[in-house]
Amino acid sequence: MSENLKVGIVGGTGQLGSALALCWLESGILAQANLWISNRSGRTSVFEKWPEVNCTSSNQKLADNCDVIILSVPPALSGSIGITVPDKLVISVMAGVSHEQISVLTGSRKVVRAMSSPAARRRLAYSPWFSRSELSFGDREHVRSLLSAVGASDEVPEEDQIETFTVLTGPVPGFAAFFADCMVQYAITHSITPEIAEKAVNQLLFASSQIMSAEERSPATYVQEMVDYKGTTAAGLLKLKDLGVAQLIAEGLEASADRVRTIASDN
């Protein structure tokens with residue numbers, strides 16, 4: 001990525017926008033003077049340690065001064081973005097706002113629809129992206145560099161997959177936290193204090209994520225290995241399968257996907 005590339009984040013003081021910005025600054029991907037942030041009030045305390053960051057209340061001023069514009073406003077406020085940038089690269093991380101809508105909102109011929117998460121702040125996000133625009137090699141490198149700097153990233157072939165990832169990896173800790181809480185509540189019913197139960201389950205999830213991310217094996221492989229071992233965990237896993245828990249989880253995820261498709265129309 002060019003050292004002189006100027007990036008602007010519309011909505012850069014929100015949870016996701018600020019996570020992206022701070023990660024890029026701390027990692028050295030962007031120099032302070034090459035980052036622009038817009039919000040309703042202009043200068044913000046979020047970037048007080050970065051005095052050379054450009055802050056403005058004008059989205060169009062940000063757009064005029066940047067090569068790449070990131071859209072990170074609440075989906076229901078997407079209609080108020082108010083920029084016209086026909087020749088600039090626009091990357092949207094707004095849930096539920098389509099590639100076509102982004103193009104109409106900005107006038108850009110170079111649109112990327114992506115999804116990330118606040119885990120970007122710790123460089124732990126998964127940020128898939130999609131584009132049907134004719135992006136140059138340089139444009140694609142900019143997208144890859146920016147998104148890979150905050151975690152893992154892949155280009156996906158279908159726009160609908162961005163909505164699926166909005167459900168799966170956008171909410172951190174999201175569904176993982178729900179499953180963890182189920183385990184905590186089980187422990188509490190067996191007279192374990194909440195503090196100890198939470199510590200134990202959080203450590204379990206931390207260890208599990210470290211092991212699974214370090215090895216090139218699928219989650220299904222780990223499950224089958226435990227089932228084949230026929231130990232205590234196998235009994236629990238088989239019971240969950242018999243109860244149809246996998247289908248219930250799928251229905252919960254689909255409910256979230258339905259919400260993704262309508263969230264941009266909220267007033």
* **Test item: Ser98 side-chain N/O and Gln101 main-chain N/O as donor-acceptor pair under 3.5 Å** => yes

* Structure fact -> Quick note, side chain to side chain donor-acceptor pair (under 3.5 Å) partners involving residues 181-190, not counting sequence neighbours, are Asp181-Gln185

* Structure fact -> Taken in chain and number order and not counting sequence neighbours, the residues that satisfy salt bridge (Lys or Arg N to Asp or Glu O under 4.0 Å) with Glu155 are Arg140

* Where at least one partner belongs to residues 83-124, residue pairs that pass ring-ring contact (aromatic ring centres under 6.0 Å, His included), sequence neighbours excluded -> His99-Phe130

* Which residues pass the salt bridge (Lys or Arg N to Asp or Glu O under 4.0 Å) test with Lys110, sequence neighbours left out? -> Asp139

* Taking Lys88 for the side chain and Asp64 for the main chain, is one N or O donor matched with an acceptor at less than 3.5 Å? -> yes

* Report the residues that fulfil side-chain hydrogen bond (donor to acceptor under 3.5 Å, both in side chains) with Ser18, sequence neighbours left out, ordered by chain and then residue number. => none

* To do: Would you list the pairs meeting side chain to side chain donor-acceptor pair (under 3.5 Å) in which at least one residue belongs to residues 206-215, sequence neighbours left out?
  => Glu215-Arg217, Glu215-Tyr222

* To do: Considering only Ile, Leu, Val, Met, Phe, Trp and Tyr, and joining two whenever side-chain heavy atoms are under 4.5 Å apart, list the other residues clustered with Leu105.
  => Val10, Trp36, Leu62, Ile69, Leu71, Val73, Ile81, Ile83, Val85, Val90, Met94, Val97, Ile102, Val111

* To do: State, to 0.1 Å, how close Pro118 and Ala19 come at their nearest heavy-atom pair, and which atoms those are.
  => O-CB, 3.8 Å

* Structure fact -> Residues pairing under side chain to side chain donor-acceptor pair (under 3.5 Å) where one sits in residues 117-132, two or more places apart or in two chains, turn out to be Glu26-Arg121, Ser116-Ser127, Tyr126-Asp154, Arg132-Glu159

* Structure fact -> For Ser57 and Arg40 the tightest heavy-atom approach is CB-O, 3.5 Å

* Return the set of residues passing salt bridge (Lys or Arg N to Asp or Glu O under 4.0 Å) with Asp87 (not counting sequence neighbours), or none when no residue passes. => Arg109

* Residue pairs involving residues 56-80 (criterion ring-ring contact (aromatic ring centres under 6.0 Å, His included); sequence neighbours excluded) -> none

* CZ of Phe175: more than 12 outside heavy atoms within 6.0 angstrom? -> yes

* Output all residues satisfying side-chain contact (heavy atoms from CB on, under 4.5 Å) with Ser218, sequence neighbours left out; order by chain, then residue number. => Ala220, Thr221

* Is it true that atom CD of Glu251 has more than 12 heavy atoms of other residues, nucleotides or ligands lying nearer than 6.0 Å? -> yes

* Can you tell me which residue pairs pass the side chain to side chain donor-acceptor pair (under 3.5 Å) test with a partner in residues 193-203, sequence neighbours excluded? => none

* **Nearest-0.5 Å distance that lies between atom NZ in Lys61 and atom CG in Asn54** => 8.5 Å

* Asked: Can Asp258 and Arg261 be counted as an ion pair, charged N to O under 4.0 angstrom?
  -> yes

* Asked: Side chain of Ser103, backbone of Glu100: donor and acceptor closer than 3.5 Å?
  -> no

